[in-house]
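Each remark here refers to the structure printed beneath this line.
FYI, side chains are in, hydrogens and waters are out, and symmetry mates aren't considered; it's all heavy atoms of this structure.
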Amino acid sequence: MLAGLRFGGPYVIWLDDLERFMGADGLSSQVLERCIRLYGHKVAIVATMRLQEYVRYGGHGESAVGSGEREIWRNGRDVLRLAVKVRMDRLWSQEERGLARGHSDARVQKALGLADRFGVAEILAAGPQLVEAWHSAWVPGANPRGAALVQVAVDARRSGIHAPLARETLVSGHRHYLDVRGGTDLAPESLVAAFEWAQRPTGSAVAGRMLISDGRGRFRCFDYLVDALGRDLVPDRIWELLLANASPEEAMDMGLVSLTDSFYLRARAAFEKAASAGLGAADVALATVLGKTGQTVQAVAGLRVLVADRINRLGPEHPETLDAHAQLAYFECKQGNFRIALELLTSLHAIRSAVLGPDHPDTLDTELWIALNLGRLGNPIEARDRCSALLGRFEEALGPSHIDVLDVRARLAWWTGKCGEYAKAERLSRALLDDRVRLLGRRHVDTLYARSHLIVYTLAQGRDEEALRLAQALARDRAAYLGVTHPHTLHTRRQVARFLSALGHPDEAALTYAQLLVDHRSALGPDHPLTLKVMRRMWAMQAR
C-alpha cells in the first residue's frame with residue numbers, strides 16, 4: 001500500500017474500526033512513523049474506534065494488561081499514543097443539532113427527530129433499525145435462524161476476533177442460540193433464507209446490513225450491533241467454537257480480551273493455542289494467567305526462566321525482555337516478595353528511563369509500581385506522596401480521562417486510606433467511581449473494582465451495616481456481569497460471608513459459606529488455598 005502512495009496525492013487513509021487493523025500481526029507504530037517520514041504532509045491517517053475497544057489498551061488495577069507487557073498489546077497501545085484523539089459523543093449537542101437543522105437532506109431531518117434517544121450518525125447508518133429488526137426476528141416463524149447467525153458474528157467481535165468469520169463457523173455456532181431460544185418451536189427458516197435476510201439492507205441505509213460479506217464466503221457483523229448487546233458473557237460453547245477455528249494471532253487476541261475482562265480460564269486456553277504455534281509473547285501471557293489464578297509460585301518460577309532466556313537471546317533492553325521483567329516484578333510483589341520486586345523495578349526503571357525517557361508512560365508505570373512496593377514495605381505515607389506526585393505527570397502524558405490516569409487515582413485513594421485518612425480516601429474513591437461510570441460504564445471491571453474499595457473505607461469508618469449492603473449489591477452485580485465463580489465475584493461473596501458472621505447473622509453466614517465452598521471447588525479445585533480457607537471458615541461457623 002505504501003509503495004502506491006509515491007504517485008500523486010495528497011491522500012487520506014481511513015481506518016474504519018481501528019481495532020480490526022491491530023492485533024498479533026497488525027498495524028504498528030513503526031509502520032505509521034515510516035509512512036509519516038516518507039510522505040509527510042501528503043498523507044493524513046484518520047481512524048475510528050469504539051470506546052470498549054479503546055479502553056482495552058490502558059492498564060488498570062488488577063488487570064494483567066499493564067503497560068510494557070506483551071508485545072502485541074504494546075503495538076496497539078503505541079499506535080493509539082501516536083494519535084490525536086477526539087471523543088465523539090453519541091448524542092449531539094444542542095448547537096450541533098441546530099446547525100444540522102439547516103441541512104436540506106430529509107434523512108438528516110428524520111435522524112434529528114429521534115436524536116434525543118439515538119445518535120444522529122447511528123440513525124443515518126440504520127443502527128437502531130437493525131437492532132429492532134434483529135430482536136424481532138426471534139419471533140416464531142420470522143427469521144430466528146438469521147438472528148442466530150448474526151449473534152455468532154457479534155460474539156466473535158466481542159471475543160476479540162475482528163476478521164470476518166467463515167460461513168461454516170457461523171452455521172456451527174448458530175444452532176446453540178436456536179436451541180436455547182426454543183429450537184424447532186421457533187419454526188426457523190432455511191439457511192439460504194437466513195443468510196439472505198441477514199444481508200438484506202435495512203431501512204434507507206444501503207450499508208445497513210446485519211452481516212457484511214467479504215465476497216469470499218466470510219462475514220462480519222454490523223458494528224452497531226456489538227455495542228447494542230452490552231457486555232453479557234459470550235456462552236462457553238460459542239467461545240470454545242471460536243477459539244477452535246481461530247488462527248494463532250486471533251487466539252492471542254481472544255486471550256488478551258479475556259485477560260482484560262478477568263476471565264482467566266478462557267485466557268489460558270487461548271494463550272496455550274497461541275503458544276503452541278510459537279507465537280511470541282504467549283509464554284509471558286501464560287505465566288500471567290497462572291499468577292492471576294492464585295498460582296503465583298509457578299508464575300514467578302516460569303517468569304524467572306523467561307527473563308533469563310530473553311536476556312541471553314535478546315539483551316536486557318529488548319521490549320520482550322522488559323515485558324517479562326515487568327511481569328516478574330509484578331508477581332514477586334503479588335507473592336509478597338516486596339524487596340525482590342523493588343530491586344527488579346529499580347533496575348527496570350533505570351533501563352526504561354534511559355531507553356524511553358523519564359516521562360514515557362512505561363517509565364511512569366514503573367515508578368508507580370516502585371511507590372506501591374514502598375508502601376507494602378511499611379511506608380504508606382511515601383507511597384501516597386509518590387502517587388500524588390505521579391498523578392500530574394500521568395495526566396500530562398496521557399490526558400485526564402485515560403484509563404491509566406484513573407488507575408493512579410485509585411492507587412492514591414488506596415494509600416490515603418492506608419495512612420488512616422479514611423474519609424478523604426472515601427471522597428477520592430467516590431469521585432473516581434463517578435468518572436469510571438461515565439468513561440467506562442457501570443459493568444466495566446474497573447468500575448466494579450472502585451466499588452470494592454468503597455466497601456473498605458466505609459467499614460474502616462465504623463459503618464458496618466452500610467458496608468454489608470454495599471458488599472451484597474456488589475456481589476450481585478459481579479455475579480450478573482462476570483459470573484458467580486469469577487475470582488472477583490468469589491472475593492466479594494467471601495467478604496459478604498465475613499460481614500454476616502461479624503454482624504450476628506450466623507445462619508445466613510453458614511449458608512453463604514456452604515455455597516461458596518461448592519463454587520470454589522468447582523472453579524478453583526479442592527486444594528486451592530482459597531478453597532481451603534473457605535472450608536476452614538465454614539467449619540469454624542459450624543463449631544460455634
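M210 places a side-chain heavy atom less than 4.5 Å from the side chain of W197. Between V46 and I13, every side-chain heavy-atom pair lies at or beyond the 4.5 Å cut-off. By the 4.5 Å heavy-atom criterion applied to side chains, Q472 and T492 are not counted as neighbours. With a 4.5 Å cut-off on side-chain heavy atoms, L186 and V139 do not count as touching. When side chains are defined from C-beta on, R436 does not count as touching R442, because their heavy atoms never get closer than 4.5 Å. Within the 4.5 Å cutoff, the side chain of L170 has heavy atoms near those of the F195 side chain. Residues M254 and W239 form a side-chain contact, since some pair of their non-hydrogen atoms from C-beta on lies under 4.5 Å apart. Side chains of V496 and R469 form no contact here, defined as non-hydrogen atoms less than 4.5 Å apart.
A salt bridge links R493 to D519: one of the charged nitrogens lies within less than 4.0 Å of a carboxylate oxygen. Using a 4.0 Å cut-off between charged nitrogen and carboxylate oxygen, R268 and E272 count as a salt-bridge pair. A salt bridge does not link D477 to R443: none of the charged side-chain nitrogens sits closer than 4.0 Å to a carboxylate oxygen. The existence of a salt bridge linking D214 and R220 is excluded, since no basic side-chain nitrogen approaches an acidic carboxylate oxygen closer than 4.0 Å. D179 and R175 are not joined by a salt bridge, as no carboxylate oxygen comes within less than 4.0 angstrom of a charged side-chain nitrogen.
Among all heavy-atom pairs drawn from L265 and A523, the shortest one is CD1-O, 4.5 Å. Counting all heavy atoms, side chain and backbone alike, L165 lies closest to A153 at CD1-CA, 4.2 Å. Considering all non-hydrogen atoms of both residues, K273 and A246 come closest at NZ-O, 2.8 Å. Smallest separation of non-hydrogen atoms from L364 and A397: CD1-CB, 4.2 Å. In terms of heavy-atom proximity, P188 sits nearest to P144 at CA-CG, 3.6 Å. Closest approach of T489 and A475 over heavy atoms only: CG2-O, 4.1 Å.
Within the 3.5 Å criterion, the main-chain N or O of V171 finds a donor-acceptor partner in the side chain of H174. When atom types are taken as modelled, the side chain of S136 and the backbone of A133 share no donor-acceptor pair closer than 3.5 angstrom. When atom types are taken as modelled, the side chain of S159 and the backbone of I161 share no donor-acceptor pair closer than 3.5 angstrom. Between the S522 side chain and the V518 main chain, no donor and acceptor come within less than 3.5 Å of each other.
Using a 3.5 Å distance cut-off with no hydrogens or angles, the side chains of R494 and H520 do pair a donor with an acceptor.
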*Pair D434-R438, salt bridge (Lys or Arg N to Asp or Glu O under 4.0 Å): steps then yes or no*: CA-CA 6 Å; D434 290 342; R438 177 173 58 87; over 6 Å; no
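Put simply, CG on L432 and OG1 on T447 are 8.5 Å apart, with the number rounded to the nearest 0.5 Å. Between D362 atom CG and L322 atom CG the span is 8.5 Å, to the nearest 0.5 Å. To the nearest 0.5 angstrom, F394 atom CZ is 5.5 Å from D365 atom CG. Atoms OG1 and CG, on T184 and L178 in that order, are 10.0 Å from each other to the nearest 0.5 Å. The CG atom of L474 sits 10.5 Å away from the NE2 atom of H488 when rounded to the nearest 0.5 Å. Put simply, CD on Q151 and CD1 on I238 are 8.0 Å apart, with the number rounded to the nearest 0.5 Å.
With N245 as the partner, the side chain to side chain contact (heavy atoms under 4.5 Å, CB included) test is satisfied by one option alone out of L241, L243, L242: L241.
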